[in-house]
Every structure is written in C-alpha cells, then in structure tokens.
Q: 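Sending over a structure as structure tokens; questions will come in a sec.
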Amino acid sequence: QVQLVESGGGLVQAGGSLRLSCAASGLTFSDYAMGWFRQAPGKEREFVAAIKWSDDTTYYADSVKGRFTVSRDNAKNTVYLQMNSLKPDDTAIYYCAARWRYRYGSSREGNDYNYWGQGTQVTVST
C-alpha cells in the first residue's frame, strides 16, 4: 500500500520560510518523479514544483521560481519543498504526488500522477 505523508506546514508571516517534507512508503521511490501541488480555497489545484526520479532535474511554476526549491533524498524516500520569501498568495493546502517514471505525460500535470498525499496546510499572514 502506497502512502505519501506530508509534514511541515503551518502559519508563517509574509517573508518567512517553511520546509515541507513528504515521506513515501510502499513504492520504489527512485522509480518515481515527485511533485508538489497546491490548492487555495475557491481555486483549482495548481502545479508548484517537481523533481525527476534520477538526475534531479527540477521544474517550477513561474509563481514560485527563485523562492521555492524542491529536492529529494532517495535513501530516506523523502522529497522536500523549501519555501522562502513566502507571500500571502502562497496560502494553500500543499500536496505531494508520485508519478511513475514510465508513465506518459507531464510532471506539471496533476492528472499524470499515480499517488497523492493528504496534504498539509500552509498559511502566510500579512
């Protein structure tokens, strides 16, 4: 049974930082690209960042580029999202997701992911 468990969310002031973690189990972690998505109240889910399974190639949404950094530790089956210079617009539930390396599609498309976590709330105050 595959499980993705996010942690590290919370309340932070604008300009502050948070680091999210996503621990994976029940899968061969190194065979999966890992993505972060978020959903704010009343809005659709949107892509935030992703990292490939092997060569650590990363992808970012324009809205977070230069502020967020995605990384992974295959020995710990964990993916991270370091979020700096947070803005109130970053307030959302953040989800991690796993996409099998041989699955056709895009690391930016949520529908192309195989597994999802339950999410962790990030709230950025002014």
Side-chain angles (χ1 to χ4, degrees):
Q1 180 181 356
V2 175
Q3 281 193 312
L4 302 177
V5 180
E6 301 96 336
S7 61
L11 174 64
V12 64
Q13 286 189 329
S17 298
L18 283 174
R19 188 175 85 152
L20 305 184
S21 300
C22 172
S25 60
L27 51 72
T28 303
F29 188 69
S30 57
D31 279 343
Y32 286 80
M34 299 299 295
W36 288 96
F37 293 78
R38 66 187 182 187
Q39 187 166 20
K43 295 187 177 181
E44 293 187 354
R45 182 181 64 197
E46 65 173 353
F47 168 76
V48 175
I51 185 167
K52 287 183 70 174
W53 52 88
S54 58
D55 63 3
D56 288 344
T57 299
T58 56
Y59 309 90
Y60 296 96
D62 287 344
S63 59
V64 307
K65 201 173 295 183
R67 300 188 298 123
F68 291 10
T69 302
V70 60
S71 61
R72 65 189 295 158
D73 185 337
N74 284 352
K76 295 183 178 180
N77 286 7
T78 301
V79 62
Y80 305 96
L81 185 68
Q82 178 66 44
M83 306 186 295
N84 299 329
S85 302
L86 282 161
K87 306 174 181 179
D89 283 349
D90 295 318
T91 296
I93 299 174
Y94 283 71
Y95 300 90
C96 75
R99 178 171 171 268
W100 189 47
R101 60 185 294 179
Y102 296 113
R103 178 165 180 161
Y104 179 81
S106 168
S107 290
R108 295 177 180 269
E109 295 294 334
N111 290 338
D112 291 337
Y113 280 75
N114 300 85
Y115 304 106
W116 290 83
Q118 293 299 307
T120 185
Q121 177 71 47
V122 171
T123 303
V124 184
S125 64
T126 55

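What you see is a predicted model; the values in this text were computed from it and never measured. Numbers here simply count residues along the sequence, with the first being 1.
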Q: Can you name the residues that form a ring pair (Phe, Tyr, Trp, His ring centres under 6.0 Å) with Tyr102, not counting sequence neighbours?
A: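 In terms of ring pair (Phe, Tyr, Trp, His ring centres under 6.0 Å), with neighbours along the sequence ignored, Tyr102 is linked to Trp100.
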
Q: With rounding to the nearest 0.5 Å, note down the distance linking CZ in Phe29 to OG1 in Thr78.
A: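 Rounded to the nearest 0.5 Å, the CZ-OG1 separation comes to 6.5 Å.
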
Q: Assign the ring pair Tyr115 / Tyr32 to parallel, tilted or perpendicular, where the plane angle (0 to 90°) is split at 30° and 60°.
A: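 Tilted: the ring planes of Tyr115 and Tyr32 meet at 30° to 60°.
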
Q: Please tabulate, for the side chains in residues 80-88, all donor-acceptor contacts under 3.5 angstrom to protein atoms that are two or more places apart in sequence or on a different chain.
A:
unit_1: Gln82; atom_1: NE2; unit_2: Asn84; atom_2: OD1; d: 2.9
unit_1: Asn84; atom_1: OD1; unit_2: Ser17; atom_2: OG; d: 2.9

Q: Is Val122 close to Leu20 at the side-chain level, that is, under 4.5 Å between some pair of heavy atoms?
A: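 Answer yes - side chains close enough.
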
Q: Drop me the distance from Met34's CE to Trp53's CH2, to the nearest 0.5 angstrom.
A: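 Separation between the atoms: 13.0 Å.
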
Q: With sequence neighbours left out, write down each residue that passes salt bridge (charged side-chain N to carboxylate O under 4.0 Å, His left out) with Lys43, or none if nothing qualifies.
A: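 With neighbours one apart ignored, the set is empty.
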
Q: When rounded to the nearest 0.5 angstrom, what is the spacing between CG in Asp31 and CZ in Arg103?
A: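 It comes to 15.0 Å.
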
Q: Quick one, Phe37 with Tyr113, criterion ring pair (Phe, Tyr, Trp, His ring centres under 6.0 Å). Give me CA distance, side-chain angles, the key distance, then yes/no.
A: CA-CA 11 Å; Phe37 293 78; Tyr113 280 75; 5.2 Å; yes

Q: Please answer whether the main-chain N or O of Gln118 pairs with a side-chain N or O of Glu6 as donor and acceptor at a distance below 3.5 Å.
A: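 Yes; at least one donor-acceptor contact below 3.5 Å.
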
Q: Which distance, rounded to the nearest 0.5 Å, do you find between the OG1 of Thr69 and the OH of Tyr60?
A: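 Reported to 0.5 Å precision, the distance equals 4.5 Å.
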
Q: Mind checking who shares a hydrophobic cluster with Leu11, ILVMFWY linked at side-chain heavy-atom distances under 4.5 Å?
A: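 The other cluster members (ILVMFWY side chains, heavy atoms under 4.5 Å, direct or chained): none.
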
Q: As a quick check of understanding, evaluate side-chain contact (heavy atoms from CB on, under 4.5 Å) for Ser21 and Lys76, giving each step before the final call.
A: CA-CA 11 Å; Ser21 300; Lys76 295 183 178 180; over 6 Å; no

Q: If you look at every heavy atom in Arg72 and Ile51, which pair is closest and at what distance?
A: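 Closest approach of Arg72 to Ile51, heavy atoms only: NH1-O, 3.6 Å.
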
Q: Could you check whether any side-chain N or O of Arg99 sits under 3.5 Å from a backbone N or O of Gly105, counting only pairs where one atom can act as donor and the other as acceptor?
A: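 Yes: the side chain of Arg99 pairs with the backbone of Gly105.
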
Q: Output all residues satisfying ring pair (Phe, Tyr, Trp, His ring centres under 6.0 Å) with Tyr94, sequence neighbours left out; order by chain, then residue number.
A: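 Ring pair (Phe, Tyr, Trp, His ring centres under 6.0 Å) list for Tyr94, sorted by chain: empty.
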
Q: According to a 4.5 Å side-chain heavy-atom criterion applied to Ile, Leu, Val, Met, Phe, Trp and Tyr, with indirect links allowed, do Tyr59 and Val70 form part of one hydrophobic cluster?
A: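 They do not share one cluster, since no chain of ILVMFWY contacts under 4.5 Å joins Tyr59 to Val70.
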
Q: Looking at residues at least two apart in the chain, or sitting in another chain, which of them share a salt bridge (charged side-chain N to carboxylate O under 4.0 Å, His left out) with Glu109?
A: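 Per chain and number, Glu109 pairs via salt bridge (charged side-chain N to carboxylate O under 4.0 Å, His left out) with no residue.
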
Q: Between Val79 and Trp116, is there shared hydrophobic-cluster membership here, with clusters defined by ILVMFWY side-chain heavy atoms closer than 4.5 Å?
A: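 No; tracing contacts between hydrophobic side chains, which count when under 4.5 Å, never links both residues.
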
Q: If we ignore hydrogens and angles and just use 3.5 Å, is the side chain of Arg19 paired with the main-chain N or O of Gly9 as donor and acceptor?
A: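 Between the backbone of Gly9 and the side chain of Arg19 there is no qualifying donor-acceptor contact (under 3.5 Å).
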
Q: Search all heavy atoms of Ser63 against all heavy atoms of Arg38 and return the closest pair with its distance.
A: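 Closest approach of Ser63 to Arg38, heavy atoms only: OG-NH2, 3.6 Å.
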
Q: With rounding to the nearest 0.5 angstrom, report the CG to OG1 distance, Asn77 to Thr28.
A: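 The OG1 atom of Thr28 is 8.5 Å from CG of Asn77, to the nearest 0.5 Å.
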
Q: Return the minimal non-hydrogen interatomic distance between Ala24 and Leu27, and the atom names on each side.
A: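 Minimum heavy-atom contact is CB-CD1, 4.2 Å.
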
Q: Hydrophobic clusters here meaning ILVMFWY residues chained together by side-chain heavy-atom distances under 4.5 Å, can you tell me if Tyr95 and Leu4 are in one?
A: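 Tyr95 does not cluster with Leu4.
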
